[in-house]
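Take a look at the structure below.
Labels below follow one simple rule: chain letters A, B, ... track the order of the sequence lines, proteins then strands, and each chain is numbered from 1. Side chains included, hydrogens not; waters and symmetry mates left out as well; all remaining heavy atoms used.
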Number of protein chains: 2
Amino acid sequence: MTSRVLVVDDETQIRRTVGINLRARGFDVDLAETGEEALDLAVRHRPDVVVVDLGLPGIGGVEVIEGIRGWSRVPIIVLSVRDTEADKVAALDAGADDYVTKPFGMDELLARLRAALRRVIPVADEAAIETGDFTIDLAAKRVTRNGEEVRLTPTEWQLVEVLVRNRGKLVPQHQLLQEVWGPEYQDETGNLREYIARLRRKLEPEQSRPRYFTTEAGLGYRFDAAE
Amino acid sequence: MTSRVLVVDDETQIRRTVGINLRARGFDVDLAETGEEALDLAVRHRPDVVVVDLGLPGIGGVEVIEGIRGWSRVPIIVLSVRDTEADKVAALDAGADDYVTKPFGMDELLARLRAALRRVIPVADEAAIETGDFTIDLAAKRVTRNGEEVRLTPTEWQLVEVLVRNRGKLVPQHQLLQEVWGPEYQDETGNLREYIARLRRKLEPEQSRPRYFTTEAGLGYRFDAAE
DNA sequence: GCGCAGTTGACAACCCGTTAACAGGTCGTT
DNA sequence: AACGACCTGTTAACGGGTTGTCAACTGCGC
């Protein structure tokens, strides 16, 4: 869940300062000194956001932006001493997402990093969970069995979600009751039994011997994807 | 294909200047003088990008950002005379995408607008979606059934857009209400039911048994292109 | 006024959550 | 080994909430 940042700057001082600050905030940081290095690292490490200085020797900052934009939409934040409109327009139109003028405050850079990251995070929704008999897609709220869709009611979904999010782990009854029905239903185990039964009717290949939604008597229930 | 920009500023001079310049560039422009007006226009007109001044009388700029972020991811660019890091961090963390300090150059603002718009466009330019019975072209805002065009009202379109953009995924009622009618309609499910019915009347081959716009009772609705 | 779009209220049909009752199984005790 | 307490799985039925639909109403532009 940590985000990877690629920082490109030829000034050792800035590279070090930014690197230290970002690492202290929990980011994974790649440092590059030249444009060539930056393009190479961008391809190999797939950063979640790129911070690039415009005034690089050799391959310039704009070329780095264009090089990355050729194959990736990763957010790019430009750092630069140049403060003219023409520079900003050129960098932004080359594909940069933001432009910060040096000298800059670390807090501002961090806030702009967060803003850039915020835009890409929601795209990351996890894949569906597959078992030998059915598939559960939590994001789409969809369960498929033998190619056919299985309908789950809202309560059934909540129960499945809690169990699947804790897959492999035993979930105590009181936790299931709490998370699905709320704090005041802590002892209403009848309801829980009923809904576990419904899930098994809809999903288990052999209802009499559950393989995926198993009972740990006296403790709780467990979902296992693998057989 | 023209983009709609909502400009919020209490200074008449700036509103006018920005408005004229944007219109000259082919944007559709809404102008708002206060935060209240801005929130209202944001809901009713659904801008593709918002430019907001921080120093508004009454509801402040940050509240406008938060108000919009409650239900929309539309890019927000802040304009402000305040140049301190704390202001920038506050605005960006409230959900703004960019922060430009006054006085600003029109070319820079335009470049930042283009950068903001560039990020949202890729969602829109997909090919048309085909089902066995009709075709939906989101970019052209056109639905065809048996070779004939089907006319949809503006509200019907918004509903179709949300469902089709999330095709295959279940969309909860409150999300549909929020994205189509705005944040204050969260419980007005009657309206939603009515419009789903209208879509089915216009598009479903068998109204009594919907194949494409399906209901998940208690959860929401889903659009599926394949059978 | 007329047509169109959007909104609202009412109601029957249906779906879902809840509850009760009971059968089967396990486990500890005697 | 017999018994009972306890937990679990299952069935059935009830009541309330949700949905689909019809109809009427409002507001707006021509």
Mind checking B/W181 for me? I need base, sugar-phosphate or nothing, with any heavy atom below 4.0 Å counting as a touch.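 If one applies the 4.0 Å heavy-atom cut-off, B/W181 turns out to touch the sugar-phosphate alone, with no base involved.
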Given that A/Y195 and B/P154 both sit by DNA chain C, which one's nearest nucleotide is further toward the 5' end?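 Result of the comparison: B/P154.
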Tell me which of A/R151 and B/T155 sits closer to the 5' end of DNA chain C, going by the nucleotide each one is nearest to.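 Whichever sits nearer the 5' end wins; that is B/T155.
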[X] [atom1] to [Y] [atom2] distance, which is reported to the nearest 0.5 Å:
| X | Y | atom1 | atom2 | value |
| --- | --- | --- | --- | --- |
| B/R16 | B/I14 | CZ | CD1 | 12.5 Å |
| B/I59 | B/E66 | CD1 | CD | 11.0 Å |
| B/E130 | B/T135 | CD | OG1 | 4.5 Å |

Going by distance alone, is a donor N or O of one side chain under 3.5 Å from an acceptor N or O of the other, for B/R200 and B/T215?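 Side-chain D/A pair, B/R200 to B/T215: present.
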Can you find a side-chain donor-acceptor pair between B/T17 and B/Q13 that sits under 3.5 Å?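 Result is yes, a qualifying pair exists.
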Is the distance from the ring center of B/W181 to that of B/Y195 below 6.0 Å?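 So the answer is yes for these two rings.
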B/H45 and side chain to side chain donor-acceptor pair (under 3.5 Å): which partner among B/D30, B/D28, B/D40?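 Single pass found, and it is B/D30.
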Please report the shortest heavy-atom distance between B/L109 and B/I77, naming the atom on each side.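 Closest approach of B/L109 to B/I77, heavy atoms only: CD1-CG2, 4.3 Å.
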Protein-nucleotide distance ([X], atom [atom1]; [N], atom [atom2]), rounded to Å:
| X | N | atom1 | atom2 | result |
| --- | --- | --- | --- | --- |
| A/L177 | D/dC7 | CG | P | 14 Å |
| B/E204 | D/dG20 | CD | C1' | 13 Å |
| B/R209 | D/dT21 | CZ | P | 13 Å |

Check every nucleotide of DNA chain C for an atom under 4.0 Å from a heavy-atom of chain B, then give the first and the last such nucleotide from 5' to 3'.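 So the outermost contacting nucleotides come out as C/dA5 to C/dC16.
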Using atom names, set out every protein N or O paired with an N or O of nucleotides 9-15 of chain D below 3.5 Å, distance rounded to 0.1 Å.
| unit_1 | atom_1 | unit_2 | atom_2 | d |
| --- | --- | --- | --- | --- |
| D/dG9 | OP1 | A/R200 | NH2 | 2.4 |
| D/dG9 | OP1 | A/T215 | OG1 | 2.5 |
| D/dG9 | OP2 | A/R200 | NH2 | 3.4 |
| D/dG9 | OP2 | A/Y221 | OH | 2.9 |
| D/dG9 | N7 | A/R193 | NE | 3.0 |
| D/dG9 | O6 | A/R193 | NH2 | 2.6 |
| D/dT11 | O4 | A/E194 | OE1 | 2.9 |

Can you check whether A/Q173 has a side-chain N or O nearer than 4.0 Å to OP1 or OP2 of D/dT8?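 Yes.
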